Amino acid sequence: MGRRVLLEHSGIPGIATYDVFRAHGGYKAAERALKEMTPLDVTKEVTRSGLRGRGGAGFPTGLKWSFLDRKSSSPRYLVCNADESEPGTFKDRYLMEHLPHQLIEGLIISGYALGVNTCYIYIRGEFKYLIGILERAIAEARQNGYLGDNILGSGFSMEIFVHPGAGAYICGEETALLESLEGKRGLPRIKPPFPAYKGLYGCPTVVNNVETLAAVGPIIRMGGEAYASIGSGKSTGTKLMSACGSINKPGVYEIEMGISVEEFIYSDKYCGGIRNNKKLKAVIPGGSSVPILPADLILRTARGQKRTLTYESLAEGEFDSGTMLGSGGFIVYDEDVCIVRSTWNISRFYHHESCGQCSPCREGTGWMDRVLYRIEHGEGRMQDIDLLLTVSKHIEGNTICPLGDAAAWPVASAIRHFRHEFEYHIEHPEEVRNIRHGNLAGLGEMAIRIK
Amino acid sequence: MSGNKVNHHLFIRENKPVSFSEQTLDKIRQLVKRYPEGQQKSAVLPVLHIAQQENGGYLSVDMMDYVASLLELKPIEVYEVASFYSMFFLEKTGRYVIEVCQTAPCAFCGGDDLMEYLEEKLGVKNGETTSDGLFTLRGVECLGGCGNAPVMQVNTAFNEFMTKEKVDRLIHELKEEAGKGLISGTKWEEEFS
């Protein structure tokens, strides 16, 4: 356990430059793919690896690639989704900052497999400082013959361009991202048609997350089978976890899928336990949109089995007692964190980020935000709790894109597992009102009293 | 939005002629070449970033119309984009836009306190600009720095693991820098390429 695949070379001085990356075996996989393999071989290897989309959906990458319309005579596009905006998630940022060439190499190999000559990296505008890092890496790759015309004499040509967004969470949704890349508002498209048939400029397009594409180089280097031998069951390989919140060591960690949640939280190799010797209260393990679980259910499933960091184990118990691996944005709450305040905060986020296209989401997120605001500020009514559940049910599944679900799940799961805190807020309006907002110590005391 | 008043003063029209330098125009021509023939609309976000920077931190109608003419778009195609994305300002801002992350992972690790401290220190509320025109304080949603909380950006430069001392030092440095009459942006600013 503890093998590093994606971050094997992180920490080596100068690894962000071509020369150092190359000296550590960089671009060998691209060479091998372009010189010794057919595009179909590469796709097969990725399929064999069992790699699944690391942006949050967990869809098998090889399968997604196989959907690409290769019969169409129009150009095909590869788009790298670097619009990392899911609260709790900061792994792609780490990869791009420290190992830009690993991403570029993955893009070249993926582009070759997909028969793509133009690739865009759509990066969120707030990551402005990364644009320079990526463009330097692209220029270096170009100078060394890995980009441009007839790469390594293979007859394959490709260019990579970095495209900045301008502040919109919704653009992480792949069709909203394509709209944005076309210079429009980031409004998700109705599917079908899927991007594999009608994507960027109406042409066949594959959109993959940064971490997914960065894994393609190592997969070609080690072989799909070897990659699949890491991990557990259908959760193959390694995953980057970005851990934050009430832990001793927030940061980005590469884990072999299948390690236990308990090890991840308490081992000094990873999160290093809960800060200030506090008790673990709850975890949101896959970015703010996945269901929150209380300490007992995140460590063990309802059936009493050890919960592990795999897509399957985290989902066990479905919405009653499970959650999702999502993007790997692992948010840890200690006993001082007020769940009502957290839920209101997250609802405000989705209200702010809703694109406004679908009524259930546009109206519902605002409604949940306002109701949670009043509960948190001592103006709640007991029927508000069920009202929240009703609103969340009416959003879920009734929108064009998954933002609606992402807004509904945190509210529904917080009430499911922490209903007593909502009731406490409503029953003690004076106490809630008297706490200075923003004063976490005050909220902490209250949270402790709830227990 | 939860008591936060949102004012959209869409469209400041200044009736001033705007134009870019030949160097900027060249940069824009290079940007447009990244997209297929006839898809120059794709360049609207990168070009608006440049336009906002050249225009002193916000987008006036005059500037947006100019961008529309450069990219052969209808003005509405630029307005609708500029008003959708949170990084574009349609009203004047201070020279330094301080954006404090307010989303849960930051908020619970000092983000709320950071905002409160900045409000006190600058004497303005979330969303306001100081009377000397130096600082605009703004609460924003997740900046993708949750492990380095609390996080804020100054004109899109990351400032992480913030403390009161770091805020004091930073504000002091920015005031000094401004006092020396440095005109464009901050020392961290790199232009969008």
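Just so you know, these numbers use all the heavy atoms, side chains as well, and skip hydrogens, waters and symmetry mates. Nothing here was measured: the structure is a model prediction, and the numbers come from that model. Protein chains get the first letters and strands the later ones, always in sequence-line order, with residue 1 at the start of each.
Note: A:Ser342 leads A:Gly356, A:Ser85, A:Ser342 in heavy-atom pairs under 4.5 Å with chain B. Taking B:Gly147, B:Gly145, B:Ala149, B:Cys106 one by one and counting their heavy-atom pairs under 4.5 Å with chain A, the maximum is reached by B:Gly147. Note: B:Gln39 leads B:Gln153, B:Met115, B:Glu77, B:Gln39 in heavy-atom pairs under 4.5 Å with chain A. Contact tally against chain B (heavy-atom pairs below 4.5 Å) for A:Pro75, A:Ser242, A:Gly186, A:Gly329: the top residue is A:Gly186.
Looking at A:Tyr77, the atoms closer than 4.5 Å to chain B (heavy atoms on both sides) all sit in the side chain, from C-beta outward. With a 4.5 angstrom heavy-atom cutoff, A:Thr89 touches chain B only via backbone atoms. Using a 4.5 Å cut-off between heavy atoms, A:Tyr120 touches chain B through its side chain atoms alone. With a 4.5 angstrom heavy-atom cutoff, B:Ala104 touches chain A via backbone and side-chain atoms both. Looking at A:Arg374, there are no atoms closer than 4.5 Å to chain B (heavy atoms on both sides), in backbone or side chain. Interface remark: A:Cys355 contributes backbone and side-chain atoms alike to the contact with chain B (heavy atom separation under 4.5 Å). Within the 4.5 angstrom heavy-atom criterion, only side-chain atoms of A:Glu353, from C-beta onward, approach chain B. Using a 4.5 Å cut-off between heavy atoms, A:Ile284 does not touch chain B at all. For A:Tyr169, no part lies under 4.5 angstrom from a heavy atom of chain B.
No side-chain donor-acceptor contact under 3.5 Å links B:Thr103 to the backbone of A:Pro87. Put simply, the side chain of A:His163 never gets that close to the backbone of B:Pro46: no donor and acceptor are under 3.5 Å apart. At distances below 3.5 Å, not a single donor-acceptor pair connects side-chain atoms of A:Asn345 with backbone N or O atoms of B:Ala107.
For the pair B:Ser83 and A:Arg185, the minimum side-chain heavy-atom distance is below 4.5 Å. Looking only at side-chain heavy atoms (C-beta outward), B:Phe108 and A:Ser246 stay at 4.5 Å or farther from each other. Two residues are said to be in side-chain contact when any heavy atoms from C-beta on lie closer than 4.5 Å; A:Glu126 and B:Cys101 fail this criterion. A 4.5 Å side-chain heavy-atom check between A:Glu86 and B:Cys142 finds every atom pair outside the cut-off. Two residues are said to be in side-chain contact when any heavy atoms from C-beta on lie closer than 4.5 Å; B:Asp112 and A:Arg341 meet this criterion. Using a 4.5 Å heavy-atom cutoff, the side chains of A:Phe90 and B:Leu143 are not in contact. Within the 4.5 Å cutoff, the side chain of B:Glu141 has heavy atoms near those of the A:Arg348 side chain.
Taking both residues in full, the closest heavy atoms of B:Cys146 and A:Cys244 are given as O-CB, 3.4 Å, listed atom of the first, atom of the second, then distance. Closest of all the heavy-atom pairs between B:Leu45 and A:Ala166 is CD2-CB, 4.2 Å. Shown here for A:Gly165 and B:His49, the closest heavy-atom pair between the two residues is O-NE2, 2.8 Å. Of all the heavy atoms in B:Pro105 and A:Gly88, the pair that sits closest is CG-N, 4.0 Å.
Within a 6.0 Å radius of NZ in B:Lys125, other residues, nucleotides and ligands contribute 12 heavy atoms or fewer. Within a 6.0 Å sphere centred on NZ of B:Lys92, other residues, nucleotides and ligands contribute 12 heavy atoms or fewer. B:Lys164 NZ: 12 or fewer foreign heavy atoms inside a 6.0 Å radius.
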Report task. Decide yes or no on side-chain hydrogen bond (donor to acceptor under 3.5 Å, both in side chains) for A:Tyr201 and B:Ser42, but give the supporting numbers first. Result -> CA-CA 10 Å; A:Tyr201 311 125; B:Ser42 275; 2.6 Å; yes
Report task. Starting from the C-alpha separation in whole Å, work towards a yes-or-no answer on side chain to side chain contact (heavy atoms under 4.5 Å, CB included) for A:Phe127 and B:Thr156. Result -> CA-CA 8 Å; A:Phe127 286 171; B:Thr156 73; over 6 Å; no
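Under 4.0 Å is where a charged nitrogen must lie from a carboxylate oxygen, and between A:Lys184 and B:Glu80 no such pair does. Taking the charged nitrogens against the carboxylate oxygens, B:Arg34 and A:Glu135 do have a contact shorter than 4.0 Å, which makes a salt bridge.
In this structure, A:Arg93 is positioned above the aromatic face of B:Phe158, its NZ or CZ under 6.0 Å from the six-membered ring centre and within 45° of the axis.
Side chains of A:Thr118 and B:Tyr35: a donor-acceptor N/O pair is absent below 3.5 angstrom, by distance only. Side-chain contact, A:Ser180 with B:Tyr85: a donor N or O sits under 3.5 Å from an acceptor N or O.
In this structure, CD in A:Glu159 is found 12.5 Å from NZ in B:Lys33, a value given to the nearest 0.5 Å.
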